[in-house]
Number of protein chains: 2
Amino acid sequence: MSSEFNLIDRFFVQNNVSRSDVDLGIGDDCALVSVPEGYQVAITTDTLAAGTHFLIDADPVKVGYKALASNLSDLAAMGAKPTWVSLALTLPKPDEKWLEGFCEGFFGLAKQHNVQLIGGDTTKGPLSITITVQGLVPTGEGLTRKGAKVGDDIYVTGFIGDSAAGLEILLDTNKQIKTQLEQELEHRHYYSNPKVQLAQKIRHLCHSALDISDGLISDLGHILKQSNVSAKIQVNALPISDELLAFYSHDIDKCLKTALVSGEEYELCFTAPKENREAIKQISFLLNHDVSIIGEISEGPFTTLDNNVKLRKDSILLDWVLYGYDHFRN
Amino acid sequence: MSSEFNLIDRFFVQNNVSRSDVDLGIGDDCALVSVPEGYQVAITTDTLAAGTHFLIDADPVKVGYKALASNLSDLAAMGAKPTWVSLALTLPKPDEKWLEGFCEGFFGLAKQHNVQLIGGDTTKGPLSITITVQGLVPTGEGLTRKGAKVGDDIYVTGFIGDSAAGLEILLDTNKQIKTQLEQELEHRHYYSNPKVQLAQKIRHLCHSALDISDGLISDLGHILKQSNVSAKIQVNALPISDELLAFYSHDIDKCLKTALVSGEEYELCFTAPKENREAIKQISFLLNHDVSIIGEISEGPFTTLDNNVKLRKDSILLDWVLYGYDHFRN
């Protein structure tokens with residue numbers, strides 16, 4: 001059986017990406033990196049714990065991918081370009097097969113985005129992954145949650161709701177054999193595609209952004225609160241996939257409600273002035289990303305989600321009560 | 001009971017340090033920080049898991065202090081000045097009393113070193129803390145493990161071995177009432193003093209450095225391996241506290257062996273050319289830190305610890321077989 005140091009070397013050093021701005025990588029007390037003039041560093045940290053964020057026996061390839069994807073999605077929400085990642089891995093035992101799978105998922109995505117692993121820690125304990133990822137953004141150009149302006153269009157990328165349906169399928173222990181549709185939704189739960197390139201290209205056209213990790217309504221609430229504004233949402237405009245529709249037997253309200261609260265989507269929600277519609281549409285088209293306008297920022301001031309988010313279907317005001325995911329909510 | 005978001009706000013935002021180079025702190029998808037020209041960013045990550053690194057019922061004040069201290073010690077080993085910290089906290093439940101204690105320890109130390117918490121994650125799960133701390137070092141001046149030169153003095157800071165003795169006392173469930181001596185050693189196990197200021201002041205005088213987290217012998221091995229050199233250690237010169245001597249009933253060999261393998265000391269081990277002895281002594285004296293010369297770097301090449309580290313007591317070669325701590329060693 002390998003020792004801690006051999007494990008690190010075998011799995012993490014050999015699979016790694018190599019960047020010229022990493023002056024000292026894995027293997028010392030710290031990593032050393034260089035930041036070009038005129039840039040700020042964007043930093044974000046996320047934990048995925050077995051039993052809370054993924055099943056203890058989940059495919060390690062999927063876990064490795066998802067752990068990095070969820071963090072890259074936070075960088076995308078700032079419009080930052082990913083650069084460096086630190087990985088803290090707590091494992092019950094040095095399971096080489098698990099590590100091999102994890103690295104396949106993790107480094108596969110890291111390579112796509114040219115992110116170099118610069119350090120971390122491997123510890124014995126209940127399975128858990130904490131990732132800190134860093135990126136660069138031209139000084140002053142980072143997209144935050146507090147820039148939304150009255151009259152802004154509200155956008156989301158991709159389809160939403162699929163991740164929640166995928167999780168539902170995943171957790172259904174009665175399902176021994178899964179249909180192709182179910183397999184596809186389960187796949188989407190794990191394999192979100194962080195909107196890193198798109199965000200960098202439309203950053204200058206937007207007023208605010210965040211990524212949908214706790215559910216659209218809950219996350220949009222952060223924009224509204226920090227920008228002190230309200231929102232009108234046309235639920236008909238929510239981007240629902242054919243697969244979600246089919247899975248919920250074309251119960252459209254069920255699909256829309258799922259889309260509004262589904263966490264771990266890792267799609268972006270952003271706001272932008274109406275005059276930028278055409279430019280955003282063009283850039284999204286060129287980069288092969290779907291974006292949908294789902295509503296409009298309206299006058300605040302922000303007090304509560306119930307007060308400040310008006311959901312309409314066709315022109316009828318809805319009284320749906322929806323909450324996002326919160327680990328410690330009773 | 002508080003929700004996740006209220007918890008973060010109540011405990012982490014209100015206690016925080018405020019730095020002018022943090023352009024965007026807690027509360028968005030990422031933090032944004034500015035790096036001054038002419039500096040590199042030093043980054044390090046460490047996990048402390050309950051049951052592995054601390055007892056599940058350990059005083060949260062001590063846990064909060066130690067979690068940050070162990071990371072600051074890695075920055076000290078580079079000679080970097082600490083700046084920003086991210087905290088990923090996994091908790092079985094939102095225990096406000098525990099969090100209050102944790103924050104007291106964590107932010108007490110953060111304030112001493114002017115480190116700002118810039119983000120993180122709170123998750124439900126088995127108690128575990130992962131910290132990523134960052135610092136600044138003038139470009140090219142970071143102390144690494146690979147600069148040791150033949151003829152260098154080998155130094156350690158402070159006393160070593162106390163942390164292991166403290167842990168032994170801590171784990172002794174038969175001990176209901178602890179003597180003052182035992183309480184003091186237990187205190188030292190938790191309250192190491194990361195040598196952050198000292199390292200910045202002597203950085204230019206040293207060839208290599210690291211912090212003692214896995215045991216002196218094991219950690220020194222990293223310097224030897226990366227510098228491809230050997231070491232001669234005079235065990236008589238190891239800095240042993242009066243408290244350790246008293247605890248082990250003046251069994252000097254027991255004390256020395258403990259000092260050689262004791263992990264989680266968070267003292268520095270560094271090497272420097274002999275002509276810098278006087279300068280290092282003076283600076284250490286001015287900053288109120290003890291430093292001891294415990295041996296000398298000798299010719300390599302490095303193969304194994306047993307081969308390349310010669311331990312002598314008085315002038316007698318010792319055959320002690322010593323290993324540092326490795327989470328996954330069988």
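These numbers come from the heavy atoms of this one structure, side chains and all, not from hydrogens, waters or symmetry mates. So that the names make sense, note that chain A is the first sequence line, chain B the second, and so on, each numbered from 1.
Inter-residue side-chain proximity for B:Asp29 and A:Thr44 is flagged as unmet; no heavy-atom pair is nearer than 4.5 Å.
Rounding to the nearest 0.5 angstrom, the gap separating the CG atom in A:Leu89 from the OG1 atom in B:Thr45 is 12.0 Å. Taking NE2 of B:His53 as the reference point, atom OG1 of A:Thr90 lies at 8.0 Å (rounded to 0.5 Å). We find the CG-SG distance between B:Leu210 and A:Cys30 to be 11.0 Å, quoted to the nearest 0.5 Å.
Only the backbone of A:Ala209 comes within contact range of chain B, with heavy atoms under 4.5 Å apart. Looking at A:Val133, there are no atoms closer than 4.5 Å to chain B (heavy atoms on both sides), in backbone or side chain. For B:Ile118, the part lying under 4.5 angstrom from a heavy atom of chain A is the side chain only.
In terms of non-hydrogen atom pairs under 4.5 Å with chain B, the most contact-rich of A:Ala77, A:Pro36, A:Ser34, A:Ala42 is A:Ala42. Of the listed residues (B:Ala50, B:Gly119, B:Gly120), the greatest number of heavy-atom pairs within a distance under 4.5 Å of chain A belongs to B:Gly120. Considering only heavy-atom pairs separated by less than 4.5 Å from chain B, the leading option among A:Arg145, A:Gln226, A:Glu37, A:Met78 is A:Arg145. Annotation: maximal heavy-atom pairing with chain A below 4.5 Å, among B:Ala88, B:Ala80, B:Ser128, occurs at B:Ala88. In terms of non-hydrogen atom pairs under 4.5 Å with chain B, the most contact-rich of A:Thr47, A:Thr139, A:Thr130 is A:Thr47. Of the listed residues (A:Asp211, A:Val35, A:Ile43), the greatest number of heavy-atom pairs within a distance under 4.5 Å of chain B belongs to A:Ile43. Among A:Ala49, A:Gly27, A:Ser86, A:Ala31, the residue making the largest number of heavy-atom pairs under 4.5 Å with chain B is A:Ala31. For chain B, the option among A:Asp74, A:Asp23, A:Asp28 with the highest count of heavy-atom pairs below 4.5 Å is A:Asp28. For the set B:Val137, B:Asn71, B:Val33, the count of heavy-atom pairs under 4.5 angstrom toward chain A peaks at B:Val33.
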Can you check side chain to side chain contact (heavy atoms under 4.5 Å, CB included) on B:Val41 and A:Leu32, steps first, answer last?
-> CA-CA 5 Å; B:Val41 183; A:Leu32 287 174; over 6 Å; no
CA sep, side-chain torsions, deciding dist, call: A:Leu24, B:Gln40, side chain to side chain contact (heavy atoms under 4.5 Å, CB included) = CA-CA 10 Å; A:Leu24 185 69; B:Gln40 287 166 303; over 6 Å; no
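Summarising the local packing, OH of B:Tyr39 is surrounded by 12 or fewer heavy atoms from other residues, nucleotides or ligands at distances under 6.0 Å.
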